[in-house]
Amino acid sequence: MAHKAERGLFELRQGRALYVTDPGSSALVVAVEGLTDERLEQLHEIGPDLCVVVTHHRGHAIGLVNGGPARHLSIKLEPDATPAAIHRIATGTRPPRNIETRPTTNTEAAGLALARAGQLIPAVVSVTPDTMRVARLLEWLGDGTLLDVTRCEIEAVLATPGVEVTHVAETTVPLEEAESARFVFFRERNGFVQHVAILVGEREQWPDPVPVRLHSACLTGDVFGSLRCDCGEQLQGSLRHFAGQGGGVLVYLAQEGRGIGLGNKLRAYALQQNGLDTVDADGVLGFGADERRYDAAVCILEHLGVQRVQLLTNNPDKVRALERAGISVVDRRALHGKLTPHNFPYVHAKVHRSGHWLMDMIDQGIAGD
């Protein structure tokens, strides 16, 4: 019953505890983001030994994991640990002192995955119910104070293969760069995420291959013209290209901050101001170098009947994702913005940490130099 896991995600987002079960183990979990003294007291009522559960990305970033298999970690908390101290353990740039760690249980990992899917800080506080305190737990489950959900229900709702999108609505929206534009709105079947395809020109007159841009949402760059990235320039440049070529498709994906969400993206920006690059900042927060997926983009292009594309991208992952799905990338076109002192570290990291094809942009030098 996937809907229970969806309700569980809502509980975590609201700062409430969630009881996750699995044959042989169980855990009461609360998201670290928004953690309060009240919630910590609730956990202590169920068991004495609390842990903060973090991703293997977080463990690597602060030196708690060195090589080996990718395993999440449970870090034992002191009995008097405060919400602020726990937040520092989950997101600080320095490893906590004198700590005990162990691999996570299946139920802890499931709770962590749900928080991560909700674009919260990927860390939860967990407690395994003490056998002497089960009555209290059963009381909360009985009166609706707690929602229980199984590990299998969480895994089912978060399964990434076979993402499906539903066509919801469409209408004409003339744009400055492309007056003949039509917006088509899609929603993923699990209800968590929604995307937009912007169709430029008449479908019957689209070139072959069809010019296509997969563009991950960037509120700061697309809307406000942030100088820390070149996203807004890429967005406008792709629309101009479509208009000049007689048509094209821009798939606007709800994957802010390479999939970590706007709140975490701003947290990563703060870490970058202290000297970390974009990849390391995401790792400190518990995320991988790039959390994006392109299953939904593939579904949207298939819905539109697009099978052969000229892909506007500097990102090899996008090329691979479409080709693996059977969409032919006949041509790739680079898409560059201006290099500035503000976005140089970001562009440099994309080239040297993520393998993006942006050396031409770096070679052109910083604008105004």
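For residues 115-128, every residue pair satisfying the side chain to side chain donor-acceptor pair (under 3.5 Å) rule, not counting sequence neighbours, is listed here: His57-Arg116, Glu108-Ser126, Arg116-Glu291. Applying the ring-ring contact (aromatic ring centres under 6.0 Å, His included) rule to pairs touching residues 241-260 yields His215-Tyr252, sequence neighbours excluded.
Lys318 contributes a side-chain N or O that, together with a main-chain N or O of Leu214, makes up a donor-acceptor pair within less than 3.5 Å. Checking side-chain atoms of Glu153 against main-chain N and O of Thr150 turns up a donor-acceptor pair under 3.5 Å. The main-chain N or O of Leu235 is found under 3.5 Å from a side-chain atom of Ser238 such that the two form a donor-acceptor pair. Under a 3.5 Å cut-off, the side chain of Arg39 and the backbone N or O of Val30 do not form any donor-acceptor pair.
When every heavy atom of Val298 is checked against every heavy atom of Ala321, the shortest pair comes out as CG2-O, 4.3 Å. Closest approach of Pro103 and Ser74 over heavy atoms only: O-OG, 4.3 Å.
Taking 4.5 Å as the limit, every side-chain heavy atom of Arg292 sits out of range of all side-chain heavy atoms of Leu253. Looking only at side-chain heavy atoms (C-beta outward), Leu219 and Glu256 come within less than 4.5 Å of each other. Within the 4.5 Å cutoff, the side chain of Val200 has heavy atoms near those of the Leu239 side chain. Looking at heavy atoms from C-beta onward, Val210 lies out of side-chain contact with Leu301 at the 4.5 angstrom threshold. With contacts defined as side-chain heavy-atom distances shorter than 4.5 Å, the pair Leu285/Ile121 does not qualify. Contact annotation: the side chain of Leu64 never approaches that of Val54 to less than 4.5 Å [non-hydrogen atoms, C-beta and beyond]. Residues Tyr19 and Leu147 are not in side-chain contact: their nearest non-hydrogen atoms beyond the backbone lie 4.5 Å or more apart. With contacts defined as side-chain heavy-atom distances shorter than 4.5 Å, the pair Thr145/Gln42 qualifies.
Between Phe344 and His348, the two ring planes are tilted [angle within 30° to 60°]. Between His167 and His303, the angle of the ring planes stays under 30°, which puts this pair in the parallel group of the 30/60° scheme.
In the model, Gln255 has no side-chain atom that pairs as donor or acceptor with a side-chain atom of Arg293 under 3.5 Å. Side-chain contact check for His195 and Glu188: at least one donor-acceptor pair (N or O, by modelled atom type) lies under 3.5 Å. If you check the side chains of Thr166 and Arg187, you find no donor sitting under 3.5 Å from an acceptor.
Both cation-pi conditions hold for Arg228 and Tyr269: the charged atom is under 6.0 angstrom from the six-membered ring centre and inside a 45 degree cone around its axis.
The pair Arg133-Glu45 does not count as a salt bridge, with every side-chain nitrogen at least 4.0 angstrom from each carboxylate oxygen. Between Lys4 and Asp148 there is a salt bridge, with a side-chain nitrogen of the basic residue lying less than 4.0 Å from a carboxylate oxygen of the acidic one. Taking the charged nitrogens against the carboxylate oxygens, Asp230 and Lys338 have no contact shorter than 4.0 Å, which rules out a salt bridge. Look at Glu33 and Arg267 and you find a salt bridge, because one of the NZ, NE, NH1 or NH2 atoms lies within 4.0 Å of a carboxylate O, short of that distance. A salt bridge links Asp280 with Arg353: at least one charged nitrogen is closer than 4.0 Å to a carboxylate oxygen. Ion pair Glu155/Arg151 flagged as a salt bridge, since at least one NZ, NE, NH1 or NH2 atom sits closer than 4.0 Å to an Asp/Glu carboxylate oxygen. Ion pairing between Glu139 and Arg136 holds under the 4.0 Å rule for side-chain N and carboxylate O.
Within 6.0 Å of CD on Glu302 lie more than 12 heavy atoms contributed by other residues, nucleotides or ligands. For Glu170, the CD atom counts as densely surrounded, since its 6.0 Å shell holds more than 12 non-hydrogen atoms of other residues, nucleotides or ligands.
Expressed to the nearest 0.5 Å, how far OG1 of Thr101 lies from CD1 of Ile75 amounts to 7.0 Å.
A side-chain hydrogen bond (donor to acceptor under 3.5 Å, both in side chains) with Arg258 is found for exactly one of Asp290, Asn264, Thr278, namely Thr278.
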